[in-house]
Structure formats: structure tokens, C-alpha cells
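Okay, structure first, notes after.
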Amino acid sequence: MKTAIFQQLKKMPVIDSHEHLPHERDLLGASLDVIDLMTPYVCDNLMTCGLSESDWKTANDKSVPFCRRFAILEDSLKKIRHTTYFKSMLKGAELCFGMQDLSPSECERVNLLLENGLDTQKIFNTFGIKKAM
């Protein structure tokens with residue numbers, strides 16, 4: 001029964017009226033990585049658990065190597081792993097990129113997929129999203 005319900009739901013078009021993705025024109029060809037997927041979803045949680053604003057800025061500074069930026073976040077990410085926003089962000093990364101966890105090696109694998117930007121239209125088509133606002 002549960003499977004039948006989900007199959008019917010998948011047929012319904014989705015209009016996402018509350019999304020925080022930047023416009024696709026700003027994502028295509030942009031230099032993105034896994035840390036970009038955290039904005040705006042978990043940045044508040046990270047700072048609430050003790051990450052400084054300075055560390056968050058460094059974590060988002062693309063001139064700093066990814067492994068160093070990720071290391072800044074690693075302890076804080078462990079503290080927020082049970083929050084709704086963290087789980088949602090990780091589930092989205094799993095559905096879109098097959099991401100299993102936030103280990104450094106898995107992040108590097110997904111970073112390679114994000115190298116040429118994020119094709120939101122492809123993601124929307126995959127999940128039946130007609131429009132995100």
C-alpha cells in the first residue's frame with residue numbers, strides 16, 4: 001500500500017513555493033562544492049553549535065583548499081547531524097548525487113560532479129518539479 005501511494009505521488013507535478021536555491025543562471029558553470037550545498041540549510045545550525053562567523057567565511061572561501069575548509073566544519077557537522085536541516089541537506093545530496101555520508105572522500109567524489117555547476121533543470125526534471133520559487 002505504501003509503495004502504491006508513493007507511486008501515485010510521484011506522478012503529481014510539484015511547485016516548490018519555498019526554495020533557497022540561487023537562480024540556475026548563477027549555478028551553471030559556477031565553481032561549486034559540497035559546502036555550497038550547506039548554504040542556507042545548515043549554516044545557522046553550525047553557528048548555533050559554536051562555529052564562528054569567521055570560520056564559516058573561511059569554509060566558504062574557494063581560495064582555501066577544500067580539505068582545509070571541510071576540516072573547519074567537521075566537528076560542528078557531527079554536532080548537528082541529527083537536526084532536520086542537516087538530514088534534509090544530506091537526503092537531497094543522496095537523491096541528486098548518490099552521496100552516502102559527509103566523509104572527506106565522499107565530499108571529494110561529489111565535488112567532482114559539481115565541478116561544472118549545478119543543473120537545476122535536470123534535477124527538477126528527475127523529481128517532477130515544475131517550478132521552484
Any heavy-atom pair between the side chains of [Y] and [X] that's under 4.5 Å?
X: Lys87; Y: Thr84; answer: no
X: Cys107; Y: Phe66; answer: yes
X: Val34; Y: Phe70; answer: no
X: Asp61; Y: Arg68; answer: no
X: Lys57; Y: Ser52; answer: no
X: Lys62; Y: Asp36; answer: yes
X: Ile72; Y: Trp56; answer: no

| query | Yes or no on side chain to side chain contact (heavy atoms under 4.5 Å, CB included) for Leu102 and Leu73, after CA distance, side-chain angles and deciding distance? | reply | CA-CA 11 Å; Leu102 269 176; Leu73 301 176; over 6 Å; no
| field | Single-linkage hydrophobic cluster, 4.5 Å side-chain cutoff, Met12 and Ile5 together | value |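 Yes, Met12 connects to Ile5 through the hydrophobic network.
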| Cluster question for you: counting only ILVMFWY and a side-chain heavy-atom cut-off of under 4.5 Å, with indirect links fine, are Ile35 and Val64 together? | no
What are the two closest heavy atoms between [X] and [Y], and how far apart are they?
X: Met89; Y: Leu37; answer: CG-O, 3.5 Å
X: Asp33; Y: Leu114; answer: C-CD1, 3.6 Å
X: Pro13; Y: Lys130; answer: CB-CG, 3.6 Å

With rounding to the nearest 0.5 Å, note down the distance linking [atom1] in [X] to [atom2] in [Y].
X: Met38; Y: Ile80; atom1: CE; atom2: CD1; value: 7.5 Å
X: Asn60; Y: Arg69; atom1: CG; atom2: CZ; value: 7.0 Å
X: Leu113; Y: Glu108; atom1: CG; atom2: CD; value: 11.5 Å
X: Ile123; Y: Phe97; atom1: CD1; atom2: CZ; value: 4.5 Å
X: Asp44; Y: Thr39; atom1: CG; atom2: OG1; value: 9.5 Å

| message | Are more than 12 heavy atoms, taken from residues, nucleotides or ligands other than Lys91, located less than 6.0 Å from that residue's NZ atom? | response |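 Counting other residues, nucleotides and ligands, NZ of Lys91 stays at 12 neighbours or fewer.
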| query | Near Tyr85 OH, under 6.0 Å, is it more than 12 heavy atoms from other residues, nucleotides or ligands? | reply | no
| query | Sub-3.5 Å donor-acceptor pair from the side chain of Arg109 to the main-chain atoms of Gly98, do we have one? | reply | yes
| task | Answer yes or no: is there a donor N or O on one side and an acceptor on the other, between the side chain of Glu106 and the main chain of Gln100, under 3.5 Å? | result | yes
| Chi angles and distances behind the salt bridge (charged side-chain N to carboxylate O under 4.0 Å, His left out) call for Glu74, Lys78 | CA-CA 7 Å; Glu74 213 161 6; Lys78 290 174 187 171; 5.2 Å; no
| query | Given Phe86, which of Leu46, Leu77, Asn45 fulfils the side-chain contact (heavy atoms from CB on, under 4.5 Å) condition? | reply |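 Of the listed options, the one satisfying the test is Leu77.
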